[in-house]
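Numbers for residues simply follow the sequence, beginning at 1. Note that the coordinates shown come from a computational prediction; the quantities given were computed from them, not determined experimentally.
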Amino acid sequence: MSARKKIGILGGTFDPPHIGHLKLASHFAKLLRLDALLLIPSGEPWQKGSGITPAPIRFQLTEAAGIDLARAFLYLKIPTQVGIDRIEIDRAGPSYAIDTVKALRDRFGNDASLIWLMGADSLMTLPTWYAWQELMGSIHIAVASRPNHELELAGSPELKQLLAKHQTLEPSALENCPSGLIYIDESLSIDLSSTDLRSRLKTLTRNSIGVEEVPSHTLEIIANLGLYQ
């Protein structure tokens, strides 16, 4: 068994965090045998435009979701540690993934396997990320499929070239080196978005949004603060 530390990274606006995020995190924590998983709310999500919930509140929502995630890991006997990281909120300026990746590489060292977790929709937009060509030098990427995102058919030429160079069919390969591989998992299909939830949370009642969509501790904060109304 590899002694290399395996650190999962799940970044996002988390406006709000939802069960889809937790399912993706749980799936890859078990599949990749992660030692730790970091949830990283974006500080200034530069591709999201205006109208974003303030970062301190999104961090609070993500902390609450982390409680449910840690409990799920305990129930499922997944020995992965859960952390909620302020690295992007505390850093001034736009939240670029490449800056976060470089900082985490400095933190965990050159030998650790750093694995950025995302849905296929995020992978589709990867060529629009700032300095995206530099990412593979510092991290792996693990992708969960989502409905209506056929990577092979709809991907850009840049994405197709990236996959041709870096894709692996074996998740265990991510343990053998610190960075440079892309693994696409087709066994988990999640069709739940924060955009849709925000729209429905505008008319939130105690029964309109359930814990099957938003983590219970997060939903409690949303209701108490009257968010998204």
Side-chain angles (χ1 to χ4, degrees), residues 1-14 17 20-42 62 65-66 69-70 72-73 76 78-88 95-127 129-146 149 151 159 162-190:
M1 183 176 296
S2 173
R4 189 188 306 275
K5 286 287 186 181
K6 300 177 291 294
I7 311 298
I9 306 160
L10 182 56
T13 309
F14 295 127
H21 296 127
L22 271 57
K23 286 184 176 180
L24 186 150
S26 298
H27 180 74
F28 281 127
K30 183 176 181 179
L31 178 69
L32 302 176
R33 298 184 296 177
L34 298 177
D35 295 292
L37 190 145
L38 303 179
L39 300 178
I40 304 182
S42 178
T62 308
L69 183 60
F73 283 0
L76 297 170
I78 298 173
T80 303
Q81 293 185 333
V82 177
I84 317 301
D85 204 298
R86 296 182 57 91
I87 187 170
E88 293 194 354
S95 296
Y96 295 133
I98 188 62
D99 294 333
T100 301
V101 163
K102 289 179 178 179
L104 292 176
R105 178 55 70 190
D106 289 341
R107 182 193 303 178
F108 291 106
N110 293 330
D111 192 56
S113 175
L114 300 185
I115 308 169
W116 196 287
L117 312 178
M118 64 176 66
D121 55 334
S122 294
L123 182 64
M124 294 275 286
T125 66
L126 190 66
W129 293 18
Y130 177 77
W132 67 277
Q133 300 95 330
E134 300 178 32
L135 289 171
M136 299 310 299
S138 297
I139 57 167
H140 299 302
I141 296 177
V143 185
S145 64
R146 281 189 59 175
H149 289 92
L151 294 174
L159 180 58
L162 186 74
L163 291 175
K165 183 177 181 180
H166 295 281
Q167 187 175 2
T168 178
L169 301 180
E170 298 296 334
S172 60
L174 278 60
E175 297 185 40
N176 298 327
C177 55
S179 62
L181 299 176
I182 299 175
Y183 172 70
I184 298 175
D185 186 279
E186 298 181 350
S187 65
L188 181 68
S189 188
I190 302 169

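For R107, the side chain to side chain contact (heavy atoms under 4.5 Å, CB included) partners are L38, D85, I87, L104, not counting sequence neighbours. By the salt bridge (Lys or Arg N to Asp or Glu O under 4.0 Å) test, K23 pairs with no residue at all, sequence neighbours left out. Scored by the salt bridge (Lys or Arg N to Asp or Glu O under 4.0 Å) test, D111 finds R4 as partners (sequence neighbours excluded). Listed by chain and number, the residues in a side chain to side chain contact (heavy atoms under 4.5 Å, CB included) with P127 are W132, S156, E158, L159 (sequence neighbours excluded). The side chain to side chain contact (heavy atoms under 4.5 Å, CB included) check on T168 picks up E170, A173, L174, L181, Y183, with sequence neighbours excluded. In terms of the side chain to side chain contact (heavy atoms under 4.5 Å, CB included) criterion, residue partners of S95 (sequence neighbours excluded) are, by chain and number, S42, E44, E88.
Between L162 and M136, the closest side-chain pair of non-hydrogen atoms falls below 4.5 Å. For the pair L32 and K6, the minimum side-chain heavy-atom distance is 4.5 Å or more. Looking only at side-chain heavy atoms (C-beta outward), F14 and H21 come within less than 4.5 Å of each other.
Environment of CD in Q81: sparse, with no more than 12 heavy atoms of neighbouring residues, nucleotides or ligands closer than 6.0 Å.
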Inset, instruction - Could you go through the side chain to side chain contact (heavy atoms under 4.5 Å, CB included) check for F28 and I115 one step at a time? - result: CA-CA 10 Å; F28 281 127; I115 308 169; over 6 Å; no
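Of the possible polar contacts, none joining the R33 side chain to the P79 backbone as a donor-acceptor pair under 3.5 Å is found. In terms of modelled atom types and a separation under 3.5 Å, the side chain of S138 and the main chain of L135 share no donor-acceptor contact. Between the S113 side chain and the S179 main chain, no donor and acceptor come within less than 3.5 Å of each other.
Evaluated for a side chain to side chain contact (heavy atoms under 4.5 Å, CB included) with I141, the options L117, L126, I9 yield exactly one hit, L126.
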